[in-house]
Each structure stands twice: as C-alpha cells, then as structure tokens.
Amino acid sequence: MTNKVRTRFAPSPTGHLHVGGARTAIYCWAYARGREGTFILRIEDTDQKRSSEQATFGFFEDLNWLGVNWDEGPEFQSSGGGDVGPYFQAQRLDEYNTQLNKLIECGLAYYAFETPDELNEKRKLARAEKRAYRYDRAALELTEEQVQANLDEGKPYVIRFKVPDDAILAFTDEVIGDVEIPRSELDDFVIFKADGFPTYHFAVVVDDALMGVTDVVRGQEHLNNTFKHIVLQEALGFERPRYAHLSLIFNPDGSKMSKRDKDKTLRAYVKEHQIESPPDGCIEHAEWDNWLSSKDNQLQTDEANSLAKALGVSLPEINVDDFKAAGYLPEVLMNYLCLLGWSPGDDIEQFDSAFLIEHFSLDRIVKSPAKFDRAKLLAFNLDAMQALSSEAFESRLLEWCHEYAPAFAALGERFPLFAKANHERSKTFRDAIETSSFLVEDDEALTWVETKPVKKALLKGEVTGLSLLPEVAQRLGELADWTHESIDACLASCAEELAGGKLGKVAQPVRIAVAGSPVSPPIGDTLVLLGRDSTIKRIERCIAFFMSHCDA
RNA sequence: GGUCCCAUCGUCUAGUCAGGUCAGGACAUCAGGUUUUCAUCCUGGGAACAGGGGUUCGAAUCCCCUUGGGAUCACCA
C-alpha cells in the first residue's frame with residue numbers, strides 16, 4: 001500500500017480547464033493507471049475571490065469527457081470518493097491549522113503585519129535598484145509584546161515561514177534532472193494569508209503529504225516553487241514525493257496559449273469592423289464599454305464566447321470545452337495532447353488510452369516546450385473519424401448535435417442519411433453541420449451570393465448551368481421514386497444529353513440551387529435529404545433569382 | 001535585472017543516458033494523379049542536429065562558452 005503510486009491533479013477552479021492543465025491531468029492519470037496506482041483529484045480553492053462552484057463543475061465535466069476518471073476526490077458520476085478527504089482545500093482548514101501549530105511550536109513560523117501596500121513599495125524600490133526583492137525579516141525583530149499588542153489591536157497579519165539558514169535547496173526532478181538554487185534566492189514566504197486561508201505552498205505540501213501523494217506531476221511554472229515545498233516538508237517532517245515538471249504548451253507563434261487569445265481575437269475583429277455597440281443579447285453595454293476602455297480588461301470566457309457567437313467570429317480553441325464544441329473527439333484530443341511532450345518511441349503516434357496507460361512513463365517526457373499545432377490535431381481527428389464505424393459516427397454525431405446543433409438533432413428519420421453523407425468528408429462534427437446548414441433552412445429563406453464559383457457554375461460557359469436548370473428540374477419532378485439511385489441516374493442522363501457527359505456541369509448548378517453554396521454533401525445525398533418538394537422549389541427560386549439579376 | 005530551465009526539418013518528435021548505418025516518422029508544404037463540389041484518397045519531392053571551442057580514431061550524442069527561447073521573483077494557484 002505505502003509504495004503504491006499515488007498521483008493527483010490539483011486545479012484551482014478559477015476558469016476553464018485549458019489544454020495544458022488537461023495534459024497534466026492525463027499524464028498523472030495514465031501514470032497511476034499504468035502502475036495499479038491511485039489517481040486523486042483535489043480542488044485548490046483557497047483563493048476565495050476567484051474560485052467558483054461553476055468552474056469546479058466544469059472541470060469535472062471536462063475531465064470526464066476526456067475519459068480521465070479519478071479514484072479519489074469529489075464525487076462526480078462514477079469518479080471520486082476516498083478516505084483521506086475532504087478533497088476541497090477550503091474544507092481542510094483544520095488540517096492546515098494543526099500543521100501550522102507544529103511550525104509555530106518549533107519557532108519556524110511567525111506573524112508579520114506589513115500591509116500589501118508597504119510590501120509593494122519595497123518591491124518597487126528593489127526593482128528600481130535592479131535587485132531581486134526578498135522579504136527583509138523585519139517582523140522577526142518584533143518582541144513578543146509587540147506581536148501580542150498588534151494581535152489585540154486586531155491588526156491584519158500573515159504568517160511567514162522562517163526558512164532555515166542552512167536549508168539545502170536542491171532536488172532531483174524526474175524530467176529535468178538535478179536542480180538547485182542559492183540559499184539567497186528563497187525568502188521567508190507567506191504560508192497563511194490575512195483571510196485565514198493557507199497559501200498554495202502550504203496547502204499543497206500538507207495535502208500531498210496527508211493524502212500520501214508519491215509523485216507530483218505538474219507544470220514547469222512550479223519548478224521554482226518546489227524549493228519552498230521541500231523546505232516546508234523538511235520542517236513538517238514529511239517525506240518528499242518524486243517531482244516531475246512538464247514544459248509549457250505554446251501557440252504556433254510562440255506566445256503562451258491562454259484565454260487572452262480569445263480576447264485578442266475579439267478586439268481585432270471589433271476594431272477592424274468598427275463595431276460601436278454590443279449585438280443584442282450577449283453582453284451588457286456597461287461591460288462592453290469597460291472591456292474596450294483598456295486592453296487589460298478581459299472578457300470572461302463565457303462572455304467572450306457569447307459575443308463571438310453574436311458577431312459570427314470563430315475564437316481560437318484554448319480550453320477543453322472549446323475543442324468539444326468544435327467537434328473534436330475526446331480520445332483524439334487526449335492522444336494529441338499526450339504527444340505534446342511525450343512519445344512512446346518506435347514511430348508510434350496514434351494510440352488509444354489503453355496503449356497510453358500501458359506505455360506511459362516519466363522518463364520519456366520531453367524537456368523542451370511544445371507548440372500547439374491545430375493542423376495536426378485536425379488531421380488526427382479526421383483519421384479517427386474515418387476509423388469510426390458508420391453506426392458509431394452516427395450516434396456520436398447525434399450526441400454532439402443534441403448539445404451544439406439542436407436543429408440537426410431534430411432531423412429525425414433523416415439523421416442517419418445526414419450522418420452517412422458527412423462521415424467521410426468531415427474533419428470534425430462541426431464540419432458536418434457547417435456545410436449542411438441549408439438542410440435546416442426554410443426553402444423561402446435560402447439566398448444566393450454571386451461568388452466566383454457560383455458564377456462559374458451558373459452563368460459561365462457556352463451553355464450556362466442556369467439554362468440547364470429548368471430541364472433538370474422538370475426531369476427530377478417526373479422521377480418515379482426519390483432515391484439516391486434514381487436521382488443519380490437522372491442527373492447522369494441529364495449530363496449525357498445536355499452537357500456532353502459532364503456530370504459536374506449538371507450537378508454543380510443543382511447543388512448551388514438547392515444548397516445556396518457550391519459546397520454540400522454528394523449531390524444524391526443532398527437531394528434525398530432535402531426531399532423532392534424542397535428540391536424543385538429551390539431550383540425554381542434559384543432560376544427566378546438569377547434571371548431577374550442577370551437581366552437587370 | 002537576479003535565479004532556474006530549455007535548444008534535431010516550418011511544427012510535434014525518434015535518435016542523446018551506455019559516442020560509430022547518407023539523422024527516422026507524423027503533420028504541414030510543394031509536384032503529379034483519382035474524384036460531380038468541398039473534403040477525402042494515391043504517388044513522389046524538398047526540408048533539421050542554433051553558433052563556436054574542446055575531448056575522441058570518430059560527436060546530434062560528452063564538456064565549456066556564446067546566442068536564442070521560456071519560467072519565476074504575490075497575502076494567485
């Protein structure tokens with residue numbers, strides 16, 4: 001039991017689960033799963049101002065969608081439980097106080113009464129003098145009486161950890177190797193905040209120890225924090241877990257992948273199109289004004305998403321639920337994310353979670369940072385989509401439509417054909433609906449825009465596509481039955497007799513007439529899906545539309 | 001700025017720890033081909049060891065320096 005691997009993923013629920021966090025979670029999970037170990041989910045909600053229940057629930061859903069289930073932690077569907085909880089830090093204050101008392105008893109923790117403003121001044125000064133700021137231990141000079149007096153007065157205070165002067169600041173990282181920093185780099189950091197909550201450093205050390213975590217796998221932004229953690233472990237008499245720090249994930253342009261990217265995209269769009277006020281029903285005017293008043297004022301993710309939807313802007317996918325909404329398969333996202341910083345060798349790239357669990361190991365993690373390449377993710381998704389049986393594709397597409405495209409989910413008995421017609425040609429679920437929007441539009445609502453390919457198909461050439469349409473409509477209308485086969489045969493004979501055997505000469509005008517664009521599923525499928533009445537009606541409207549336009 | 005970390009095709013990477021096949025794969029790209037649109041699909045091509053010093057018979061691989069990139073320096077995690 002004691003030597004069994006125990007890993008944990010410990011997000012702070014201040015937003016959405018982004019791809020970097022997701023990768024960390026997957027690694028922790030796969031590592032434990034492959035060693036008959038235990039994977040723990042712990043919610044680090046000691047930041048009272050920023051944590052939210054909604055975000056917490058979002059994390060559960062995102063992890064669940066990826067197939068990352070946890071043995072211990074908050075209960076959610078089949079995950080959670082465990083007897084070293086609670087697994088929310090905000091509910092573990094007693095534990096932290098117990099541990100804190102140990103430190104106070106041996107004189108390794110002390111009260112400090114400087115205000116944040118005072119400390120900021122000192123930091124500014126240090127920066128101006130181009131030296132690193134370190135806490136000056138001023139509070140250590142206070143006499144017991146002074147401290148007591150301050151406390152009696154009700155002065156706000158924090159508690160700092162007195163880092164032993166002879167502390168050894170070195171550890172071996174499973175990914176990076178030996179790391180050490182000079183003693184002068186580490187000052188007496190705060191372990192309890194004025195609001196009575198422990199800081200991240202204190203809580204993480206206590207929880208990892210009390211929860212029996214053996215392997216800490218986390219982002220490289222924590223590498224320097226690790227020194228704080230090991231001195232705390234030393235003082236508290238805890239065993240040191242193994243550490244593995246993961247390099248970060250970046251955008252293709254080298255910038256850090258963050259929710260800011262959404263903000264940037266929206267700002268650029270609003271500026272370019274000189275949009276003065278928010279579209280109805282997405283965000284408040286006050287919020288809009290505030291947002292535009294300064295680049296530092298970011299929209300919340302949900303606000304950004306709703307604004308983007310209202311404006312018809314597509315935002316870069318950053319969070320796990322963005323990829324879900326964009327129609328990616330969770331197993332593909334997991335696969336791709338794993339590859340950003342780890343590989344199984346032997347030129348193997350595409351694998352499932354069973355393979356990952358069997359082969360994942362810390363010693364094959366890559367040290368250097370990776371850039372997120374959407375094109376490759378898309379290619380992987382296409383491969384996985386194509387590998388799906390038609391039944392699986394249909395049911396998963398339907399499931400996706402229920403959540404993101406209800407109009408398509410309502411296709412009813414036409415849905416199987418809709419799925420079949422889009423299986424081979426879609427890179428994502430969203431692809432399928434984006435080139436089939438004509439299916440859920442009213443016949444009367446369809447409009448045509450004279451783009452280049454439209455003109456080419458309808459108006460160019462010795463015999464224009466438009467001129468063929470009446471005859472084609474006529475023949476389609478006379479068909480004995482309305483099936484894929486009969487339609488294809490009809491169009492083929494039209495092509496033979498009217499267009500010198502060129503099927504494209506007939507199919508494209510028909511496609512544009514019924515779909516309003518030169519892109520749609522194979523023409524036979526398109527027409528069957530639409531039904532005869534709509535097909536004929538649309539062709540007639542199309543003819544009328546272009547006749548009136550061309551004559552003008 | 002201090003400290004720490006990193007460095008193979010455009011991108012993700014194999015190869016590095018135990019120096020020795022024209023540095024392998026995937027995505028992207030380019031050139032052909034198939035196809036009623038889009039997307040697929042097939043064939044082929046180009047493409048990298050950041051630079052400089054060492055060690056060695058031999059260096060992508062070991063050491064040092066330079067350069068470049070990143071992280072961190074909170075009463076956020």
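The figures here come from the full heavy-atom set of this structure, side chains too, leaving out hydrogens, waters and symmetry mates. Reminder, nothing fancy here: chain letters follow the sequence lines and each chain counts from 1.
Side-chain proximity of A132(A) to rC27(B), rU3(B), rG1(B): nearest is rG1(B). When the nucleotides rU11(B), rC38(B), rA28(B) are ranked by their closest atom to the side chain of A379(A), rA28(B) comes out on top. Nearest to the side-chain atoms of A507(A) among the listed nucleotides rU36(B), rC12(B), rU40(B) stands rU36(B). The side chain of P182(A) lies closest to rC4(B), out of rC4(B), rA77(B), rC27(B). The S368(A) side chain lies nearest to rU8(B) when the options are rU8(B), rC4(B), rA71(B). Here rU72(B) is the nucleotide among rU72(B), rC75(B), rU13(B) with the atom lying nearest to any side-chain atom of E221(A). If you check rU36(B), rC4(B), rC6(B) against the side chain of K367(A), the one that comes closest is rC6(B). When the nucleotides rA28(B), rA74(B), rG25(B) are ranked by their closest atom to the side chain of A375(A), rA28(B) comes out on top.
Taking the C1' atoms as reference points, rA50(B) lies 11 Å from rG69(B), given to the whole Å. Taking atom C1' on both nucleotides, rU67(B) is separated from rA31(B) by 37 Å, rounded to a whole Å. Spacing of P atoms, rG15(B) relative to rC9(B), comes out at 16 Å, to the nearest Å. Of the P atoms belonging to rC41(B) and rG1(B), the separation is 49 Å, rounded to the nearest Å. To the nearest whole angstrom, the two P atoms, one in rG70(B) and one in rA77(B), are 26 Å apart. Rounded to the nearest Å, the gap between the P atom of rA28(B) and that of rC5(B) is 37 Å. The same atom, P, is picked in rU36(B) and in rG44(B); the two are 24 Å apart, to the nearest Å.
Judged by Watson-Crick or G-U wobble contacts below 3.5 Å, the nucleotide rA14(B) has no partner.
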Stepwise side chain to side chain contact (heavy atoms under 4.5 Å, CB included) check, L41(A) with Y87(A): CA-CA 7 Å; L41(A) 177 65; Y87(A) 295 91; over 6 Å; no
Stepwise salt bridge (charged side-chain N to carboxylate O under 4.0 Å, His left out) test for R475(A) and E471(A): CA-CA 6 Å; R475(A) 295 196 190 188; E471(A) 175 66 18; 2.8 Å; yes
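Contact record, L382(A) with S426(A): CD1-O, 3.6 Å, taken as the closest heavy-atom pair.
Both D431(A) and D347(A) lie near RNA chain B, and the one whose nearest nucleotide falls closer to the 5' end is D347(A). Nucleotides of RNA chain B nearest to R127(A) and A370(A) differ in position, and the one nearer the 5' end is that of R127(A).
Residues F380(A) and L339(A) are in side-chain contact: their nearest non-hydrogen atoms beyond the backbone lie under 4.5 Å apart.
L223(A) places its CG atom 13 Å from the C1' atom of rC73(B), with the value rounded to the nearest Å. Counting to the nearest Å, the C1' atom of rC73(B) and the CZ atom of F227(A) are 13 Å from each other.
Taking the ring centre of F250(A) as origin, the terminal cationic atom of K371(A) falls outside the region bounded by 6.0 Å and 45° from the ring axis.
Contact between the side-chain N/O atoms of R123(A) and the OP1/OP2 oxygens of rC73(B) is not found at any separation under 4.0 Å. At rU72(B), none of the side-chain N or O atoms of K228(A) fall inside 4.0 Å of OP1 or OP2 (strictly under the cut-off). Side-chain nitrogen and oxygen atoms of T199(A) include none within less than 4.0 Å of the OP1 or OP2 phosphate oxygen of rC75(B). Contact annotation: R42(A) side-chain N/O to rA77(B) OP1/OP2 distance is not under 4.0 Å. Phosphate contact (OP1/OP2 of rA77(B), side-chain N/O of T46(A), threshold under 4.0 Å): present. Applying the 4.0 Å criterion to OP1 and OP2 of rU40(B), one finds that K427(A) has a side-chain N or O inside that range.
At a cut-off of 3.5 angstrom, counting only N and O atoms as typed in the model, there is no donor on one side facing an acceptor on the other between the side-chain of K376(A) and the base of rA28(B).
Every side-chain contact (heavy atoms from CB on, under 4.5 Å) that A138(A) has, sequence neighbours left out, goes to E114(A), Y135(A), D136(A).
Residues Y200(A) and H229(A) bring their aromatic ring centres within 6.0 Å.
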